Each structure stands twice: as C-alpha cells, then as structure tokens.
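Only a predicted model underlies this, so the values are computations on that prediction, with no experimental measurement involved. Each chain gets a letter, A, B and so on, in the order its sequence line appears, and its residues count up from 1.
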Amino acid sequence: DTEVTQTPKHLVMGMTNKKSLKCEQHMGHRAMYWYKQKAKKPPELMFVYSYEKLSINESVPSRFSPECPNSSLLNLHLHALQPEDSALYLCASSQERGQVNTEAFFGQGTRLTVV
Amino acid sequence: AQKVTQAQTEISVVEKEDVTLDCVYETRDTTYYLFWYKQPPSGELVFLIRRNSFDEQNEISGRYSWNFQKSTSSFNFTITASQVVDSAVYFCALSYNQGGKLIFGQGTELSVKP
C-alpha cells in the first residue's frame, strides 16, 4: 500500500488564524517531507524529517512550524500566514533520507488559501 | 549547480499519437538519481520511474518508455499510443548526495484530446 494521506484536502484561513496540516503514512518509511507548490510551478522542498528528527529546513519562514510526533505522522503548523502563502502543500515519504535511491511517495496535498 | 530543464511547457496531442517529453539535467555529482512523476488535476504526484546514474539501460513499462543518455545528460520519457487519461503535468526530477531532496524541472503539461 503506497499511500500517503493528507488532511484536510482544502483549507481557507485568515491571516490571524492558527491551523495545522496533517500527513500520515503506514509504509514504514523513516523519511517524511513537506513540499510547497504554487500554481503552474514545480514543488519546492520545505522540510525533511529523518527518523522523526528535522534534518533539512530550506530557510522556511517561522510562520511554518513542522512537527513529527511519530514515524507515521507529520504535521505542519501554520500561524500568521500571508496571502502569498496560498499554495498546494504536499507531504511525501520515502524509505530513508540518506539513500538517494529511494523514491518519494506523495499525498494528494492540501490546497491552502489565505485570505 | 543542480538543475533540471523541461523545455516543453505544454504539449497537445490527439489520442493514439506517440509523444516524447524531454528532460535535461545538470549535476556535478557522479552518483545521482533521476525520476519522473505524473501530476493529474487531483494534485497527487504519482511516481513513475527511478533511474540511477550508473544504469543507462532504457526501460519500457507498458506504453511508457524512458531513454537515459549520460552523454547528453538527458532522460526522456515517451508515451506510445497516448490516451486521454495520460493528460497531466509530468515532472522530471533529480536527487543527489543530499539525499531525499528532489530538484524538479518546471513540468510539461500534456493534453491528450480524443
């Protein structure tokens, strides 16, 4: 079962709101990722977790706060976002981070609109 | 610098035509991996293939085939006898020693008309 589940599928939030995006995988993968994708653009890496520890932060603003409660779950906490943060947020997982030969499996994403 | 270039922004074909999506990459690493992903309108990126830098053997999977040529730094993707369900955005991506980080090309939007 190569499935990564993301909730919610759609989210509209105000600039003063606090919300969280959730991601779950049950493939036993030890690396999990957050990507951001603007319309008509490729996905851009935000964060990488390896064995539940943050290993890569691509200089993402602090209004995005990732959390990995356990090996199956990945959250992205959102606070004081700007309208330009509106995008598709994709979660992915792979067997390992250190081994470049493992493909990443993606969820369907959360379409976020900041108003 | 690590870079992936997909020069074709949009391609439109009629069903049953063959179509080739081009991908050119740049990397200084000798060990790297190349991928193709399909993104239908639903948003999910669907993994299609992985190729490592030491394996230039071409691969065929049903109507899909991939041509990897290190001499030209290209990893092209051909769909034979295209179908409407093939309509999607296709991304070529590169992964290297940083492990896990995918560098995506800009994507090619394929439209297959009946």
Steps toward side chain to side chain contact (heavy atoms under 4.5 Å, CB included) verdict (A/Glu103, B/Tyr37): CA-CA 10 Å; A/Glu103 59 272 23; B/Tyr37 283 88; 4.2 Å; yes
For the hydrophobic clusters of this structure (ILVMFWY residues joined by side-chain heavy atoms under 4.5 Å, transitively), does one cluster hold both [X] and [Y]?
{"X": "B/Phe68", "Y": "B/Ile49", "result": "yes"}
{"X": "A/Tyr33", "Y": "B/Phe47", "result": "yes"}
{"X": "A/Val4", "Y": "B/Val46", "result": "no"}
{"X": "B/Tyr64", "Y": "B/Leu34", "result": "yes"}
{"X": "A/Met15", "Y": "A/Phe64", "result": "yes"}

Interatomic distance, A/Gln37 atom CD to B/Phe104 atom CZ [nearest 0.5 angstrom]: 8.0 Å
CD on B/Glu44 to CD on A/Gln6, rounded to 0.5 Å: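 Reported value, rounded in 0.5 Å steps: 9.0 Å.
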More than 12 heavy atoms of other groups within 6.0 Å of B/Lys16 NZ: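 Not buried by this count: 12 neighbours or fewer within 6.0 Å.
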Heavy-atom pair with the smallest gap, counting every atom of A/Pro42 and B/Gly105: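 So the two residues come closest at CB-O, 3.1 Å.
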Exercise: identify the closest heavy-atom pair between A/Pro43 and B/Leu45: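 Closest approach of A/Pro43 to B/Leu45, heavy atoms only: CG-CD1, 3.6 Å.
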Residues B/Leu102, A/Tyr35; criterion side chain to side chain contact (heavy atoms under 4.5 Å, CB included); working and verdict: CA-CA 10 Å; B/Leu102 286 167; A/Tyr35 282 82; 3.4 Å; yes
Region of B/Gln39 that comes under 4.5 Å of a non-hydrogen atom in chain A: side chain
